[in-house]
Every structure is written in structure tokens, then in C-alpha cells.
Amino acid sequence: MLGDLKIAFIGGGTMGEMIISRLLSTKIVEKPELIIVSDPVSTRCLHLERECDSLLSESRCKSVHN
């Protein structure tokens, strides 16, 4: 629906997780690699990767630079 537009989240907490989950489940964002998450707690990024993997075949959790 958004094409190849990348979406970055600063913070992968509960609110970010719910927004990401909804974007993916409703296919507003069709490719999980277009979602970038930056969080100071690396375990949150790992958690988000696992949650997305349960819905999709591939997910990425990266720090946002620039």
C-alpha cells in the first residue's frame, strides 16, 4: 500500500510494537524490511524480530543513522 517507503521507529516499546504489528498485519507495509527500529535495549529489537517472524518470513531491526 505504501510501496517502497521506509518507516523508522525511534523506540521499540509496547506502543511501537503495536503500531508495527498493525502495519504488517493489515498489509499497509507489505515488506517487513521496510520497517526500521532503533531502541537502546537490544533485547527489544530481538523481541520485535521474533514477533514479526511469527507473522512473516523475514524481519529486520536496525539502528537508525543520520
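This is a predicted model, so every value here is computed, not measured.
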Test side-chain contact (heavy atoms from CB on, under 4.5 Å) on Ile7 and Leu34 and set out the steps. CA-CA 6 Å; Ile7 298 176; Leu34 295 175; over 6 Å; no

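Note on Met15: it clusters hydrophobically with Ile20, by side-chain heavy-atom contacts below 4.5 Å among ILVMFWY residues.
Taking each heavy atom of Val29 and Leu24 in turn, the nearest pair found is O-CD2, 3.6 Å.
The line from NZ of Lys27 to CD of Glu30 is 7.5 Å long, rounded to the nearest 0.5 Å.
In terms of the side chain to side chain contact (heavy atoms under 4.5 Å, CB included) criterion, residue partners of Ile28 (sequence neighbours excluded) are, by chain and number, Met1, Leu2, Leu23, Thr26. Residues that satisfy the side chain to side chain contact (heavy atoms under 4.5 Å, CB included) test with Thr43, not counting sequence neighbours, are Val41.
For Ser25 (side chain) and Ser21 (main-chain N/O), a donor-acceptor pair under 3.5 Å exists by modelled atom type.
Between Glu33 and Lys6 there is no salt bridge, since no side-chain N of the basic residue sits under 4.0 Å from a carboxylate O of the acidic one.
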